[in-house]
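Notes for the one structure printed next.
Note that the structure is a prediction, hence the values are computed from the model and not measured. Note that these values count all heavy atoms, side chains included, but never hydrogens, waters or copies made by symmetry.
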Amino acid sequence: MKTTPAQFVRQVKQEVAKITWPTRSEVLQGTITVAIMSVVIALFLFLVDLIFAGAIRLLLDKVGG
């Protein structure tokens, strides 16, 4: 059974009516959470990078003499 363009538009309108959009405070809370987690992960990766760089430097110093 084919859907006519009018039926399709009607179905789209029905589906759009079911959408519940987040409130302004929910969006703000989500944005702040993402920003904080991004900073935490960036700091973690920075520290891991420092540790690995130090370990490699130590290994190279021992091997290189």
Side-chain angles (χ1 to χ4, degrees):
M1 179 173 140
K2 276 195 157 186
T3 303
T4 66
Q7 288 174 325
F8 177 76
V9 170
R10 221 174 298 118
Q11 290 172 356
V12 168
K13 285 182 180 180
Q14 289 172 347
E15 291 301 317
V16 169
K18 295 177 186 177
I19 297 173
T20 56
W21 297 99
T23 64
R24 184 178 182 91
S25 64
E26 290 171 336
V27 171
L28 184 61
Q29 182 180 357
T31 302
I32 291 171
T33 301
V34 168
I36 289 172
M37 289 308 297
S38 296
V39 170
V40 168
I41 291 171
L43 288 172
F44 172 76
L45 292 175
F46 175 72
L47 291 173
V48 169
D49 183 55
L50 281 178
I51 291 168
F52 279 123
I56 290 172
R57 200 172 299 119
L58 278 173
L59 287 171
L60 291 177
D61 286 344
K62 289 192 186 264
V63 171

Contacts under 3.5 angstrom, residues 33-59 side chains, donor-acceptor by atom type, not counting sequence neighbours:
from	atom 1	to	atom 2	distance (Å)
Thr33	OG1	Gln29	O	2.8
Ser38	OG	Val34	O	2.8

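Here CD of Gln14 is found 10.5 Å from CD of Gln7. Values are rounded to the nearest 0.5 Å.
Counting only residues at least two apart or in different chains, salt bridge (Lys or Arg N to Asp or Glu O under 4.0 Å) contacts with residues 14-28 comprise Glu15-Lys18.
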